[in-house]
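Inspection log for the structure reproduced underneath, given as structure tokens.
The figures here come from the full heavy-atom set of this structure, side chains too, leaving out hydrogens, waters and symmetry mates.
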Amino acid sequence: QGAFTLTTKAVMQSPLRRRILTQEALAAAVEKAPDGGARRFRTVLHRTAGARLGLELDLSDGVSAFIVQVGPGVVADSIGASALPDCTIEPGDVIVAVNNSSGNVSSIVRHLQSDQDLCLEVQRPQYVKVSVPEGDGPLGVDVLYAPRGVTLLVDCIQPGRVDEFNKSNKEKGIDSEVREGDRIVSVNGMVVGTEGPIELLEALHQPGKKDLLILRLP
């Protein structure tokens with residue numbers, strides 16, 4: 001608990017003090033990253049005993065820590081002091097290793113909570129746009145989400161519209177698909193609001209075409 005900020009209510013009350021994925025932030029990020037935006041970098045942090053990192057994390061994939069928001073704390077202070085803006089931590093980035101520990105989110109969280117000297121390996125995902133056409137039957141996508149998260153994690157693709165879409169594009173040589181491990185951050189222009197990820201889930205299951213903005217690890 002000491003390493004993270006987990007109060008959604010505080011986000012709504014103090015929007016200028018926190019950096020979170022919003023429709024405007026997503027649009028700006030996509031515009032700045034026409035090549036998809038993916039890159040990996042390392043950042044080193046030091047905190048005094050008891051200091052908060054100020055991160056809210058989505059741990060739903062079990063292997064990495066997706067940054068939902070950056071609040072007041074050590075990370076935000078490092079952003080203001082950094083001379084390398086391309087290597088600053090942003091909402092939507094993914095912590096894939098901490099102090100050479102990777103592949104297990106419990107280990108990553110343990111280091112984030114207890115270590116004073118931190119070497120973070122951070123992956124900035126690609127922004128990918130995918131349009132799944134209208135059709136009959138279910139989408140066939142199983143998703144996971146954190147209660148205070150801002151994405152839907154594609155956990156499993158079952159038989160359905162998305163699977164048919166993927167197979168059809170592969171046969172045609174079209175490089176457009178939904179993959180397991182993708183994080184859906186927008187459905188038909190909608191991002192998570194005050195009701196949390198359930199809003200995205202409801203939009204995903206509405207009939208009709210689905211224009212998806214996806215965050216994807218390369």
Side-chain angles (χ1 to χ4, degrees), residues 1-6 8 19-21 26 29 33 36-45 47 52-71 73-75 78 87-128 130 139-158 162-163 166 177-187 191-192 196-198 200-201 204 212-218:
Q1 181 73 16
F4 311 123
T5 301
L6 296 172
T8 303
R19 305 170 70 180
I20 187 169
L21 281 174
L26 280 171
R39 62 188 306 272
R40 184 173 290 212
F41 61 92
R42 288 184 177 179
T43 187
V44 176
L45 302 172
R47 64 174 168 194
R52 301 174 71 90
L53 290 181
L55 296 178
E56 182 162 344
L57 303 174
D58 177 342
L59 312 175
S60 55
D61 73 355
V63 297
S64 62
F66 178 89
I67 297 173
V68 175
Q69 62 178 317
V70 180
V74 173
V75 173
S78 73
C87 293
T88 59
I89 295 174
E90 299 282 353
D93 288 345
V94 181
I95 301 172
V96 295
V98 180
N99 292 347
N100 295 318
S101 178
S102 63
N104 183 292
V105 75
S106 296
S107 177
I108 287 174
V109 169
R110 184 169 62 252
H111 284 290
L112 290 174
Q113 289 178 324
S114 62
D115 294 1
Q116 288 184 261
D117 292 304
L118 297 165
C119 179
L120 309 184
E121 189 164 344
V122 180
Q123 177 69 57
R124 184 152 295 162
Q126 291 177 291
Y127 294 89
V128 181
V130 177
L139 283 175
V141 175
D142 295 339
V143 299
L144 303 173
Y145 59 86
R148 295 187 178 94
V150 292
T151 69
L152 301 175
L153 175 69
V154 179
D155 181 53
C156 183
I157 297 178
Q158 307 278 7
V162 167
D163 185 48
N166 287 348
E177 63 178 343
V178 179
R179 303 176 185 173
E180 293 177 356
D182 283 348
R183 286 185 177 272
I184 300 170
V185 73
S186 172
V187 179
V191 298
V192 167
I198 196 69
L200 277 187
L201 188 62
L204 191 65
L212 308 177
L213 180 61
I214 287 170
L215 300 182
R216 175 177 295 163
L217 296 184

Under the salt bridge (Lys or Arg N to Asp or Glu O under 4.0 Å) test, residues paired with Glu177 that sit two or more places apart
Arg179
Pairing residues for Arg40 by the salt bridge (Lys or Arg N to Asp or Glu O under 4.0 Å) criterion, not counting sequence neighbours
Glu121
[X] to [Y] - nearest heavy-atom pair and separation:
X	Y	value
Cys119	Asn99	N-OD1, 2.7 Å
Leu204	Val143	CD2-CG1, 4.4 Å
Ala97	Ile108	N-CD1, 4.3 Å
Thr151	Tyr145	O-CB, 3.6 Å
Phe41	Thr88	CZ-O, 3.7 Å
Pro197	Ala146	CG-O, 3.2 Å

Does the side chain to side chain contact (heavy atoms under 4.5 Å, CB included) test come out yes or no for Leu57 and Leu112, once each step is laid out?
CA-CA 11 Å; Leu57 303 174; Leu112 290 174; 3.8 Å; yes
With sequence neighbours excluded, residues passing side chain to side chain contact (heavy atoms under 4.5 Å, CB included) with [X]:
X	result
Ser101	Ser107, His111
Leu144	Ser60, Leu153, Asp155
Leu217	Val94, Gln123, Pro125

Name all residues meeting the side chain to side chain donor-acceptor pair (under 3.5 Å) criterion together with Gln158; count only those two or more places apart in sequence or in a different chain, and write none if there are none.
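Residues passing side chain to side chain donor-acceptor pair (under 3.5 Å) with Gln158: Asp142.
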Taking side chain to side chain donor-acceptor pair (under 3.5 Å) as the definition, give me every residue that meets it alongside Asp117, ordered by chain and number, with sequence neighbours left out.
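In terms of side chain to side chain donor-acceptor pair (under 3.5 Å), with neighbours along the sequence ignored, Asp117 is linked to His46.
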Under the salt bridge (charged side-chain N to carboxylate O under 4.0 Å, His left out) definition, can you give me all pairs with a residue in residues 91-106, not counting sequence neighbours?
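For residues 91-106, and leaving out neighbouring residues, the salt bridge (charged side-chain N to carboxylate O under 4.0 Å, His left out) pairs sorted by first residue read Asp93-Arg124.
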What salt bridge (charged side-chain N to carboxylate O under 4.0 Å, His left out) pairs are there with at least one residue in residues 58-70, not counting sequence neighbours?
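Checked against salt bridge (charged side-chain N to carboxylate O under 4.0 Å, His left out) - neighbours excluded - the pairs reaching residues 58-70 are Asp58-Arg183.
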Using side chain to side chain contact (heavy atoms under 4.5 Å, CB included) as the criterion, point out the one residue from Ile184, Val130, Val185 that pairs with Leu213.
Val185
Out of curiosity, [X] [atom1] to [Y] [atom2], how far, rounded to the nearest 0.5 Å?
X	Y	atom1	atom2	value
Asp115	Leu45	CG	CG	11.5 Å
Leu118	Ile95	CG	CD1	9.0 Å
Leu120	Ile67	CG	CD1	8.0 Å
Gln69	Glu90	CD	CD	13.5 Å

Is a donor on one side and an acceptor on the other found under 3.5 Å between the side chain of Gln126 and the backbone of Pro218?
no
